[in-house]
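Here is how names work: the chains are called A, B, and so on, in the same order as the sequence lines, proteins then strands, and each is numbered from 1.
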Number of protein chains: 2
Amino acid sequence: MAGATLRDVARRAGVSIRTVSNVVNESVPVSDELRTRVEAALKELEYRPNLVARNLRRGRTGMLAFVVPELDVPYFAELAREVITAAREHGYVVMLDQTDGDAERERELLGRESRATMFDGLLLSPLSISEDELRDRTNRVPVVLLGEHIFNGDFHHVAIDNVAAAREATEHLVSLGRRRIAAIGDQPYSTGETAQLRTIGYRQALERAGLSVDESLIVSTPHFHRRLGAEAMRHLLALPEPPDAVFCYNDLLAIGAMYALADAGVRVPEDVAVIGVDGIQEGEYSSPTLTTIAPDKTQIARTAVSTLVASIEGTAPPPADAKAPYQLLVRGSTRGAHEAR
Amino acid sequence: MAGATLRDVARRAGVSIRTVSNVVNESVPVSDELRTRVEAALKELEYRPNLVARNLRRGRTGMLAFVVPELDVPYFAELAREVITAAREHGYVVMLDQTDGDAERERELLGRESRATMFDGLLLSPLSISEDELRDRTNRVPVVLLGEHIFNGDFHHVAIDNVAAAREATEHLVSLGRRRIAAIGDQPYSTGETAQLRTIGYRQALERAGLSVDESLIVSTPHFHRRLGAEAMRHLLALPEPPDAVFCYNDLLAIGAMYALADAGVRVPEDVAVIGVDGIQEGEYSSPTLTTIAPDKTQIARTAVSTLVASIEGTAPPPADAKAPYQLLVRGSTRGAHEAR
DNA sequence: GTCGCCTTTTGCAACGATGCAATACCTGGG
DNA sequence: CCCAGGTATTGCATCGTTGCAAAAGGCGAC
């Protein structure tokens, strides 16, 4: 019941352990007679290789770890799907863990007692942890970082060009004729690097358009959740001069903002145009549908996984920042907004 | 660089391997002097236990596998989050895999060459695979099934009472005074057991309310995605006598249905009331917000994981169907719909 | 008939850790 | 000064598999 081993099969078939192994692995030629006998025994005993033992011997586990802040955030769920698929194509399976954006938990995950030794490689999504700590803790396991982190070329890294993406998002709003364009999602602390890059892009777009930046229109949020998007939007609506467009740093914030707008009876996009980032499925069916900057998640996952796998196999080029493609998807929350107002 | 082993540390500290092991595991008393020396060596060499080796020796991996049809379906993502959290509380990590609802892939996952031996236990969500196959393939690994499957008590199983839940959902619509209540999501094939149970509950509610069941108001969908919900709704709207309420078998279908309704200029809930099942976060911010039957995901995950862990440790009671709690959350898609019309 | 070569089969060691049981050490009592 | 009894330390075997290299078997050539 406890699972037959090679030894059991060998005894049953009257051959050596090694021969059974040869049959199982199809690596070395085995005579037809023995092969037949061994295969019969394998079937009768329902032999399945003990992968833990095999991994110990081979020094590989065939597992990658993918660490995200929150799995119930659609962007990460959708990305995880792609990562799992990409990993499977390379013959790997994926262990998923969450940090809840907590630096402490991140340390724990990478720490001494961690299960890091069970994985051939590590895929990490936005971290609070610092570069030095990361280097300290992962010096044995290949790592690929996903999403922005201003690390200096010591790690492989896949992300979209956040500055450019944010600039394009804002320019899209400008192109609609909007002039009071707000931004929701800045994070002016050390862990908010992605957010800061998007703020830079936002400012660039306004400056290029000859618009002045009204600091009161930049609203910070500690997280990127729907509720905070709604709160931020309510705050903006309460300003003496509310915005006529909002660039949200992710789609969830945008969904929250649209919720607050609907609640306040403000029309989208006529009164306020809304754009997000992430290209999550939810935005395809929201009311109105959400204009967004959609990173190519499939591409991101593929690049990240194949870089990681190359790294594991020692065939990787030196660490570099891979820029992933993205796309502006114009939908209801900004469409047809030219004529309006 | 390749990772120090107990032997390396032992050599460095001038003690036996076994003593180092004792220090690391804190199981056996070690004199202060040696402990100090060993700890120094551990630190200098940055020793981390090789978990693969440890697992081999101990016969446990500390890993659970959680297999879902699609991770980018919010219900599963939210459930996965809870499962990961619950597993962590028991000292386990979680490997996630997807089947895409494909029976072939399910077999593959459980098949001979699978990594099943790398996990102490298996958590499976709705499957296409049959009971017999499942029994054949998992006779060594403890399994807990999540979601409905009409299996006969051979497996642990956690789910809500789908018949009752569907009945309550439908009764809610009845209580609003609706009389032409449609159902979206039936799946009249062998793999659609959850759907069939919900259809039963739907019929029960109508019958109890003295309403006749109009078969043309029951629309089947091969999957539970937003797009199919929209398509089904369009179909219903095109009927000679369209419905005045819709019970969708999950929230994504409901979101899709509301999309189609908005598109057609039909008011929700005034003209058509909508209810879903799953209680996903998306429904809290949709427009209108979505009334739903929300299974207690935390509870489901906790129950499933602790049953699985008990099973692994051999302390589990015989397999049983655990019924998880759920809750009717009344929101905008049905609220204030009494007065209307 | 013997040798040598090629193919098939096998034994042994090792991957890195832990369980078990024996050894070494230390203390106090007689 | 020796011995019992407790504690600290260690060696050996083992988990199930695979790499390596030697052993065994088969066959043609001399």
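- Between D:dG16 and A:Thr5, no contact under 4.0 Å exists linking OP1 or OP2 to a side-chain N or O.
- On a pure distance criterion of 3.5 Å, no polar donor-acceptor pair joins the side chain of A:Arg54 and the base of D:dT17.
- If you check distances only, the side chain of B:Arg58 never reaches the base of C:dA17 with a donor-acceptor pair under 3.5 Å.
- Judged purely by distance below 3.5 Å, without hydrogens or angles, the side chains of A:Asn22 and A:Arg18 pair a donor atom with an acceptor atom.
- At the phosphate of C:dT10, OP1 or OP2 sits under 4.0 Å from a side-chain N or O atom of A:Thr19.
- Look at A:Ser31 and you'll find a side-chain N or O under 4.0 angstrom from OP1 or OP2 of C:dT9.
- If you check distances only, the side chain of B:Arg18 never reaches the base of D:dT10 with a donor-acceptor pair under 3.5 Å.
- Proximity of B:Ser16 to the phosphate of D:dT9: no side-chain N or O atom is located under 4.0 Å from OP1 or OP2.
- For the atom pair CG of B:Leu34 and CD of B:Glu39, the computed distance is 11.0 Å after rounding to the nearest 0.5 Å.
- Using a 4.0 Å cut-off between charged nitrogen and carboxylate oxygen, B:Asp296 and B:Arg302 do not count as a salt-bridge pair.
- Between B:Lys297 and B:Glu78 there is a salt bridge, with a side-chain nitrogen of the basic residue lying less than 4.0 Å from a carboxylate oxygen of the acidic one.
- OP1 or OP2 of C:dC15 has at least one side-chain nitrogen or oxygen of B:Arg7 nearer than 4.0 Å.
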